[in-house]
Colleague: 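The structure follows.
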Amino acid sequence: MTGATQATAVILGAGHAGLAMSRCLADRSIDHVVLERGEVANSWKKERWDSLRLLTPNWQSRLPGYRYEGDDPDGFRTMAETIRYLERYAEVIDAPVRTQTTVTCVSRRGEGYEVKTDRGAWRCRAVVIATGACSIPRLPGFADALPPCLDRVTPQQYRNPDQLAPGGVLVVGASATGTQIAEEVHRSGRPVTLAVGEHIRVPRTYRGRDIEWWMDAAGVLDDPYDAADNLERVRSLPSLQLAGSDDRRSVDLNHLRELGVRFVGRFAGIRDGHALFAGSLRNMCALSDLKMNRLLDRIDEWALQAGLDGQIDPPHRFEPTRVDASPPIDMDLDSGEIRTVVWATGYRPDYSWLKVPVLDRKARLVHDGGVVREPGLYVIGLPYLRRLRSSLIDGAAADAAFLSAHLAGYLDGQKATDQSARASMKV
Ligand SMILES: Cc1cc2nc3c(=O)[nH]c(=O)nc-3n(C[C@H](O)[C@H](O)[C@H](O)COP(=O)(O)OP(=O)(O)OC[C@H]3O[C@@H](n4cnc5c(N)ncnc54)[C@H](O)[C@@H]3O)c2cc1C
């Protein structure tokens with residue numbers, strides 16, 4: 001092809017995952033470029049709400065050759081601090097990022113790939129997809145059936161409560177995003193109803209240590225993808241019900257209930273202008289409490305084996321989630337009680353530009369621990385890619401180390417094949 005720029009590898013996306021991969025490829029002297037539609041840390045700049053702070057402590061953003069060196073390792077970064085952290089990383093590793101370059105098409109070309117962008121095309125032997133797991137809000141199929149009198153907002157559009165009309169707000173989804181937005185909006189004086197589906201309750205602090213410290217130390221975050229009983233299921237689990245704040249509070253349903261947030265079951269559909277909520281709220285909460293206690297059991301077991309018992313607070317269990325026995329299962333959406341619906345129902349990646357047949361019938365990328373079945377194609381930054389930690393900033397280092405080694409092996413194999421083909425042509 002004429003006019004295309006050559007690189008051995010092209011990384012798509014300059015979030016933390018793309019940058020980590022860039023650093024690992026540079027360590028192996030593999031020439032590459034990072035194509036980014038916006039700026040470094042674009043998602044954190046453009047797609048997050050104002051008050052958001054990382055739910056992982058400062059120490060837990062370790063990237064290849066880079067870690068937090070401030071004096072508040074247990075604090076939680078604001079968005080401005082997160083952006084600065086990643087911008088600084090790109091500078092320190094001297095990542096070859098081409099900003100304001102949107103990838104519009106990736107296709108197979110001979111033994112390699114062609115990457116088309118709005119600023120020219122690239123030819124390469126390997127492609128690493130690091131365009132993020134949270135590009136598009138995942139809305140239920142009936143979302144469009146909301147009555148027109150209601151405003152609707154996704155977490156990517158939400159910035160702060162002032163942007164919402166006065167009146168009641170229905171927040172749909174009780175994971176990290178939904179509970180944080182519900183708390184903030186309720187504190188602004190707008191009565192909040194929270195539709196609670198499957199969620200994972202965890203305490204911010206347990207036995208005097210942060211829950212992320214426990215999960216890191218006890219090896220929970222390193223549970224490998226290939227040992228999961230049901231990989232599809234663990235890869236689609238909701239985020240932990242956690243928030244980062246100076247007072248280290250748990251933003252669970254008991255906390256929200258004390259503030260006055262009202263709960264209903266999972267938002268299951270809309271009929272004749274009425275919202276229908278599942279009657280399973282109590283069961284959902286009981287299941288979530290059960291899973292939390294299983295996690296705490298595992299932590300206690302590890303603490304005992306590690307000889308921590310006696311040095312730290314003793315094991316204990318938290319009050320079960322308190323919910324009404326019969327919450328409403330029907331709400332007239334035209335009654336004026338609700339003015340805005342916030343869809344905190346999760347996110348999905350965007351592969352609309354990917355013209356290689358590697359998506360399944362649900363448009364998910366088929367991969368084995370980040371190695372896509374098409375040779376030379378890789379993905380990083382997806383939930384449970386190689387381990388539970390993979391969805392966190394802190395998970396990219398190990399994943400990038402593995403994938404860059406695999407990619408290097410693939411390139412070596414290609415070179416060997418080329419050499420033997422050339423040798424056989426000479427004979
Ligand atoms: C609300 C929220 C809170 C989170 N909180 C935490 C937290 O506290 N701690 C934690 O460790 N993780 C957290 N995460 C998870 C995770 O760290 C983020 O999702 C992170 O942004 C993922 O990093 P990434 O590099 O994989 O993708 P992204 O940061 O999304 O980077 C992908 C990049 O690709 C670019 N891109 C996309 N499409 C194209 C294209 N076609 N052409 C060129 N460029 C493209 C985007 O502009 C973006 O810069 C949170 C996620 C969300 C959504």
Side-chain angles (χ1 to χ4, degrees), residues 10-22 33-63 68 75-79 81-83 85-87 89-90 95 97-106 115-119 122 127-138 154-156 158 173 175-181 210 212 215-216 221 238-240 242-245 344 346-354 370 379-383 385 388-397 399-400:
V10 172
I11 299 172
L12 317 181
H16 76 267
L19 295 174
M21 197 66 193
S22 172
V33 66
V34 184
L35 304 180
E36 166 55 55
R37 67 179 167 190
E39 304 289 332
V40 166
N42 205 50
S43 316
W44 301 103
K45 285 179 180 160
K46 301 262 177 70
E47 296 170 3
R48 310 283 191 255
W49 59 96
D50 299 343
S51 66
L52 179 64
R53 294 172 73 167
L54 289 195
L55 51 76
T56 41
N58 289 335
W59 59 264
Q60 199 184 22
S61 291
R62 297 164 289 201
L63 288 163
Y68 178 75
F76 302 97
R77 282 189 189 85
T78 62
M79 281 307 92
E81 288 163 348
T82 306
I83 291 162
Y85 184 73
L86 295 180
E87 284 177 341
Y89 184 50
V97 182
R98 303 286 173 107
T99 57
Q100 307 300 339
T101 305
T102 301
V103 173
T104 54
C105 179
V106 172
V115 178
K116 284 189 187 154
T117 79
D118 58 353
R119 301 178 77 176
W122 291 79
V127 169
V128 181
I129 300 171
T131 46
C134 304
S135 310
I136 303 177
R138 188 196 300 272
T154 66
Q156 287 176 339
Y158 176 78
S175 295
T177 297
T179 49
Q180 289 180 36
I181 293 178
D210 192 272
E212 291 286 349
M215 294 205 302
D216 183 70
L221 292 172
S239 57
L240 302 185
L242 272 179
S245 60
Y347 308 86
R348 63 185 172 86
D350 176 16
Y351 299 126
S352 54
W353 39 266
L354 185 58
V379 63
I380 186 168
L382 299 184
L385 186 89
L388 182 54
R389 188 190 299 278
S390 293
S391 55
L392 301 176
I393 294 173
D394 204 52
D399 292 356

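Read the numbers this way: they start at 1 and go in the same order the structure lists the ligands and their atoms.
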Colleague: Do the side chains of Arg37 and Asp118 get close enough for a salt bridge, i.e. N-O under 4.0 angstrom?
Modeller: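 So Arg37 does not pair with Asp118 through a salt bridge.
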
Colleague: Does an N or O anywhere in Leu55 fall below 3.5 Å from an N or O of ligand 1?
Modeller: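 N/O-N/O distance under 3.5 Å: yes.
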
Colleague: Run through Leu63, Ile11, Val40 and flag the one making a side-chain contact (heavy atoms from CB on, under 4.5 Å) with Leu19.
Modeller: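 With Leu19 as partner, Leu63, Ile11, Val40 yield a single side-chain contact (heavy atoms from CB on, under 4.5 Å), made by Val40.
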
Colleague: What part of Val40 sits under 4.0 Å from ligand 1 if we count only heavy atoms: the side chain, the backbone, both or neither?
Modeller: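 Answer for Val40: neither.
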
Colleague: Need the ligand 1 atom indices (1-based, order shown) with element for anything under 4.0 Å from a heavy-atom of Thr102.
Modeller: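 So the answer, numbered in order with elements, is 42 (N).
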
Colleague: Should you measure from each heavy atom of Leu392, which atoms of ligand 1 turn up under 4.0 Å away?
Modeller: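 Checking each atom against Leu392, I get 10 (C), 11 (O).
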
Colleague: Numbering the atoms of ligand 1 from 1, which are under 4.0 Å from a heavy atom of Gly15?
Modeller: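 What qualifies from ligand 1 is 25 (O), 29 (O), 31 (O), 33 (C).
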
Colleague: Who's the nearest protein heavy-atom neighbour of atom 11 (O) of ligand 1, and how far?
Modeller: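 Going by distance alone, atom 11 (O) of ligand 1 is nearest to Ile393 N, 2.8 Å.
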
Colleague: Quick one: look at Cys134 and ligand 1, take heavy-atom pairs under 4.0 Å, and tell me if it's side chain, backbone, both or neither.
Modeller: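 It is the side chain that touches ligand 1; the backbone stays farther off.
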
Colleague: Could you work out, with side-chain hydrogen bond (donor to acceptor under 3.5 Å, both in side chains) as the rule, every residue matching Asp210, not counting sequence neighbours?
Modeller: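 If we apply the side-chain hydrogen bond (donor to acceptor under 3.5 Å, both in side chains) test to Asp210, skipping adjacent residues, the hits are Arg204, Arg248.
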
Colleague: Between Gln180 and Leu242, is there a donor-acceptor pair closer than 3.5 Å when you use the side chain of the first and the backbone of the second?
Modeller: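 It does hold such a pair.
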
Colleague: Nearest heavy atom to atom 36 (N) of ligand 1 wins, so pick from Arg37, His16, Arg77.
Modeller: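 Residue with the shortest heavy-atom distance to the ligand atom: Arg37.
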
Colleague: Below 4.0 Å from ligand 1: does a non-hydrogen atom of Ala130 turn up there or not?
Modeller: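 Yes, Ala130 has heavy atoms under 4.0 Å from ligand 1.
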
Colleague: Looking only at non-hydrogen atoms, which of Gly346, Gly132, Cys105 approaches atom 27 (O) of ligand 1 most closely?
Modeller: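 Nearest heavy atom to atom 27 (O) of ligand 1 lies in Gly132.
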
Colleague: Whether Lys45 and Glu87 form a salt bridge (side-chain N of Lys/Arg under 4.0 Å from carboxylate O of Asp/Glu) is what I want to check.
Modeller: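 Looking at Glu87 and Lys45, the cut-off is met.
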
Colleague: Under 4.0 Å, heavy atoms only, figure out whether ligand 1 is touched by the backbone of Arg48, its side chain, both or neither.
Modeller: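 Answer for Arg48: side chain.
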
Colleague: Tell me: protein heavy atom nearest atom 25 (O) of ligand 1, and distance?
Modeller: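 Nearest neighbour among protein heavy atoms for atom 25 (O) of ligand 1, to 0.1 Å: Ala17 N, 3.0 Å.
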
Colleague: Does the cation-pi check pass for Arg62 over Tyr68, that is, NZ or CZ under 6.0 Å from the six-membered ring centre and within 45° of its axis?
Modeller: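 That pair does not qualify as a cation-pi contact.
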
Colleague: Which heavy atom of Ser239 sits nearest a heavy atom of Ser175, and at what distance?
Modeller: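 Minimum heavy-atom contact is OG-CB, 3.4 Å.
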
Colleague: Would you check whether Glu39 has a nitrogen or oxygen atom less than 3.5 angstrom from a nitrogen or oxygen atom of ligand 1?
Modeller: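 No, there is no polar N/O contact under 3.5 Å.
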
Colleague: So which heavy atom on Cys134 is nearest to which on Gln156, and how close?
Modeller: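 Minimum heavy-atom contact is O-NE2, 2.9 Å.
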
Colleague: What protein heavy atom sits nearest atom 48 (C) of ligand 1, and how far off is it?
Modeller: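 The protein heavy atom lying closest is Glu36 OE1, 3.4 Å.
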
Colleague: From the options Trp44, Trp49, Tyr158, Tyr347, select the one whose nearest heavy atom is closest to atom 50 (C) of ligand 1.
Modeller: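 Ranked by closest heavy atom to atom 50 (C) of ligand 1, first place is Trp44.
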
Colleague: What I'd like to find out is whether the side chain of Tyr347 reaches to under 4.5 Å of the side chain of Ile136, using heavy atoms alone.
Modeller: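 Side-chain contact under 4.5 Å: no.
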
Colleague: Check whether the side chains of Glu36 and Gln100 place a donor and an acceptor atom closer than 3.5 Å, and report yes or no.
Modeller: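 No donor-acceptor contact under 3.5 Å links the two side chains.
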
Colleague: Heavy-atom contacts under 4.0 Å between Leu35 and ligand 1: side chain, backbone, both, or neither?
Modeller: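 Within the 4.0 Å criterion, Leu35 contacts ligand 1 through backbone atoms alone.
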
Colleague: Which atoms of ligand 1 have any heavy atom of Gly381 under 4.0 Å away?
Modeller: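 The list of qualifying atoms is 26 (O).
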
Colleague: Which pair of non-hydrogen atoms, one from Ser135 and one from Pro349, has the smallest distance, and what is that distance?
Modeller: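 Nearest heavy atoms, Ser135 then Pro349: OG-CA, 4.1 Å.
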
Colleague: Counting non-hydrogen protein atoms only, what is the nearest one to atom 41 (N) of ligand 1? Give residue, atom name and distance.
Modeller: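 In this structure, atom 41 (N) of ligand 1 has Val103 O, 3.1 Å as its nearest protein heavy atom.
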
Colleague: Starting from atom 34 (O) of ligand 1, what is the nearest protein heavy atom, named by residue and atom, and what distance separates them?
Modeller: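 Going by distance alone, atom 34 (O) of ligand 1 is nearest to Gly13 CA, 3.2 Å.
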
Colleague: Among protein heavy atoms, which sits nearest to atom 3 (C) of ligand 1, and what does the distance come to when rounded to 0.1 Å?
Modeller: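 Result: Leu52 CD2, 4.1 Å.
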
Colleague: Is there a side-chain contact between Ser22 and Val34, using heavy atoms and a 4.5 Å cut-off?
Modeller: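 The answer is yes, as the side chains (C-beta and beyond) meet within the 4.5 Å cut-off.
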
Colleague: Short N/O distance, under 3.5 Å, between Asn42 and ligand 1?
Modeller: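 Yes - when backbone and side-chain N and O of Asn42 are compared with those of ligand 1, one distance drops under 3.5 Å.
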
Colleague: Once you restrict to heavy atoms under 4.0 Å, what part of Pro155 touches ligand 1? Side chain, backbone, both or neither.
Modeller: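 The answer is neither; Pro155 stays 4.0 Å or more away.
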
Colleague: So which protein heavy atom does atom 28 (P) of ligand 1 come closest to, and at what separation?
Modeller: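 For atom 28 (P) of ligand 1, the nearest protein heavy atom comes out as Ser43 OG, 3.2 Å.
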
Colleague: Check the pair Tyr158 / Leu52 against side chain to side chain contact (heavy atoms under 4.5 Å, CB included), numbers first and verdict last.
Modeller: CA-CA 11 Å; Tyr158 176 78; Leu52 179 64; over 6 Å; no

Colleague: Answer yes if the side chains of Asp399 and Ser390 hold a donor-acceptor pair under 3.5 Å, and no otherwise.
Modeller: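 Checked: Asp399/Ser390 side chains pair up, N/O donor to acceptor below 3.5 Å.
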
Colleague: Got the closest protein heavy atom to atom 15 (C) of ligand 1, with its distance?
Modeller: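 Protein heavy atom at minimum distance: Ser391 O, 3.5 Å.
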
